[in-house]
> 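Starting off with a structure, shown below.
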Amino acid sequence: MYRIISTKNNNLKVKINDFNPFHTFLCGQCFRWNYDGERFWTGVALGRFVRLEWDGEVCLFYDMDEQEFVDKWVNYFDLNTDYSSIKKRLAKKDEHLKEAVSYGYGIRLLRQDLWEVILSFIISQNNGIPRIKGIIEALSSSYGKKINKEYGAYAFPDFTVLANTSLQDLNTCRAGYRCKYILSTAQRLDDSPSLLSNIRKLPAKEVRDILLSFIGIGEKVADCILLYSGIDRTAFPIDRWVKRVMEELYFKKETSVKDIRDFSHSYFGDLTGISQQYLFYYARENKIGV
DNA sequence: AAACAGGGGTTAA
DNA sequence: TTAACCCCTGTT
């Protein structure tokens with residue numbers, strides 16, 4: 001699924017199959033990657049600042065050795081999963097999927113840090129992407145470690161730091177009513193720090209119930225967390241866009257979230273989560289059902 | 001200029 | 001099932 005081409009000057013050149021940074025970084029699963037308007041992407045993930053160049057074919061990771069790539073980024077970019085075969089299976093299933101897959105052909109579902117997706121998707125509720133990114137940047141620069149001077153990049157803040165702030169302090173990040181969710185989530189994790197490290201060993205269903213017990217996490221956010229942390233690739237987050245595209249393409253009428261979820265699990269099977277991502281990206285970029 | 005609608009929802013009633 | 005929630009953005 002990937003082939004390292006060279007490692008000169010501590011820059012790692014790698015061919016990644018089924019990868020297009022526009023599709024992967026802009027399909028709504030992450031909020032900390034930014035495009036320079038030409039061919040460079042910068043991002044913060046796993047406590048690290050990353051800069052990469054994509055020429056339409058191969059990726060050049062700056063300031064990265066092979067060891068780090070294999071240890072951290074192969075997992076982050078889900079490089080051991082064969083998206084070609086996934087896309088083939090989906091394209092065979094029906095015309096809608098065929099269309100959606102060929103549109104977002106370079107989507108890879110990232111395996112992101114669990115705490116980061118928990119907080120990010122609490123913030124995402126009833127909110128738009130530019131503002132979500134702004135809130136996360138504000139939290140990071142206020143409470144995270146500075147990890148790159150040149151680019152002014154800050155790591156995602158630890159929950160311990162947030163747990164020891166006040167609601168008043170947090171309000172400066174402009175998350176509005178979500179600030180109390182942020183604070184209570186951080187405090188609960190700070191009270192039981194082993195919770196997150198052990199949670200990946202549990203069955204997905206149990207993880208979902210635990211997530212739902214947090215203030216500020218409902219079904220949609222819980223499913224985002226499961227899917228984007230890599231805990232459950234059959235999670236199917238249903239937001240306005242997914243609801244609309246599913247109604248338009250598969251039901252031809254208004255349908256409850258529960259019915260959509262039941263149908264999706266039985267129809268998409270083990271590819272439920274990635275199907276959602278192709279359909280969501282396709283629907284949003286093409287304003288399907290608006 | 002001010003009002004309005006809506007945003008990758010969740011909570012509480 | 002429904003309104004209220006903080007607050008920003010785009011539209012009249």
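Chain identifiers are assigned alphabetically (A, B, ...) following the order of the sequence lines, protein sequences preceding nucleic acid strands; residue numbering begins at 1 within each chain. Since this is a predicted model, take the numbers as computed values, not measurements.
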> On DNA chain B, check which nucleotide each of A:I217 and A:F280 is closest to and give me the residue with the more 5' one.
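Its nearest nucleotide lies further toward 5', so the answer is A:F280.
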> For A:C224, which contact category applies under a 4.0 Å heavy-atom criterion: base, sugar-phosphate, or nothing?
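Base contact - A:C224 has a heavy atom under 4.0 Å of at least one base atom.
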> Contact class for A:C27 vs. all strands (heavy atom < 4.0 Å): base, sugar-phosphate, or nothing?
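Touches a base.
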> Quick check for you: to the nearest 0.5 Å, what is the distance between A:W41 atom CH2 and A:F22 atom CZ?
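It comes to 5.0 Å.
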> Nearest-Å distance, CZ (A:F121) to P (B:dT10)?
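Going from CZ in A:F121 over to P in B:dT10 covers 12 Å.
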> Suppose we call two aromatic rings close when their centres sit under 6.0 Å apart. Are A:F263 and A:F251 close by that rule?
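So the answer is yes for these two rings.
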> Send over the distance from A:K243 NZ to B:dG7 C1', rounded to a whole Å.
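It works out to 16 Å between those atoms.
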> Return the value, rounded to whole Å, for the distance between atom NZ of A:K180 and atom P of B:dG9.
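Computing the A:K180:NZ to B:dG9:P distance gives 16 Å.
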> Using a 4.0 Å heavy-atom cut-off, does A:Q277 contact any base of the nucleic acid, only the sugar-phosphate backbone, or nothing at all?
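No contact.
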> Over all strands shown, is A:I122 touching base, sugar-phosphate only, or nothing at heavy-atom distances under 4.0 angstrom?
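Result for A:I122 = nothing.
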> What nucleic acid atoms does A:Y281 come within less than 4.0 Å of, heavy atoms only: base, sugar-phosphate, or nothing?
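Nothing: the residue A:Y281, judged by heavy atoms under 4.0 Å, touches no strand.
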> On DNA chain B, check which nucleotide each of A:N127 and A:I215 is closest to and give me the residue with the more 5' one.
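It is A:N127, whose closest nucleotide lies nearer the 5' terminus.
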> Just to be sure I understand the rule, does A:I132 reach a base, reach only the sugar-phosphate, or reach nothing, if contact means heavy atoms closer than 4.0 Å?
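Here A:I132 touches no strand at all.
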> Answer with yes or no whether A:R131 presents, from its side chain, a donor or acceptor under 3.5 Å of a partner atom in the base of C:dC7.
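Answer yes: a donor N or O sits under 3.5 Å from an acceptor.
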> Ignoring hydrogens and geometry, is there a side-chain-to-backbone donor-acceptor pair from A:E53 to A:R39 under 3.5 Å?
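No: the side chain of A:E53 does not pair with the backbone of A:R39.
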> Does any non-hydrogen side-chain atom of A:R208 lie less than 4.5 Å from one of A:L226?
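Yes, side chains in contact.
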> Within the modelled atom types, does a donor on one side and an acceptor on the other bring the side chain of A:Y181 and the base of B:dG9 under 3.5 Å apart?
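Counting by modelled atom types and ignoring angles, no donor-acceptor contact under 3.5 Å is found here.
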> Any donor-acceptor pair under 3.5 Å linking the side chain of A:R233 with the backbone of A:L109?
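Yes.
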> Is there a chain of hydrophobic side chains (I, L, V, M, F, W, Y, each step under 4.5 Å between heavy atoms) that links A:I238 to A:Y278?
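Yes.
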> Could you state the atom-to-atom distance from CD1 of A:I135 to P of C:dC7 in whole Å?
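Going from CD1 in A:I135 over to P in C:dC7 covers 10 Å.
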> Within less than 4.0 Å of OP1 or OP2 of C:dC5, is there a side-chain N or O belonging to A:R178?
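Indeed not, no polar side-chain atom of A:R178 lies that close.
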> Go ahead and name the base partner of C:dC6; Watson-Crick or wobble counts if both distances stay under 3.5 Å, otherwise write none.
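Check on C:dC6: unpaired, no WC or wobble geometry under 3.5 Å.
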> Give the rounded distance in Å between these two atoms: CD of A:E254 and P of C:dT1.
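Distance, rounded to whole Å: 12 Å.
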> When the P atoms of C:dC6 and B:dA13 are compared, how many Å lie between them, rounded to an integer?
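Roughly 15 Å separates the two P atoms.
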> If I take atom CG in residue A:N126 and atom P in nucleotide C:dT9, what distance separates them, rounded to the nearest angstrom?
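Interatomic distance, CG of A:N126 to P of C:dT9: 15 Å.
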> Atom OH of A:Y177 and atom C1' of C:dC5: how far apart are they, to the nearest Å?
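Distance check: A:Y177 OH to C:dC5 C1' gives 6 Å.
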> Rounding to an integer number of Å, can you tell me how far A:K258 NZ sits from C:dT1 P?
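Spelled out: NZ on A:K258 to P on C:dT1 is 13 Å.
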> Kindly point out which of B:dG7, C:dC6, C:dC8 is positioned nearest to the side chain of A:R174?
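Per side-chain heavy atoms of A:R174, the pick is C:dC8.
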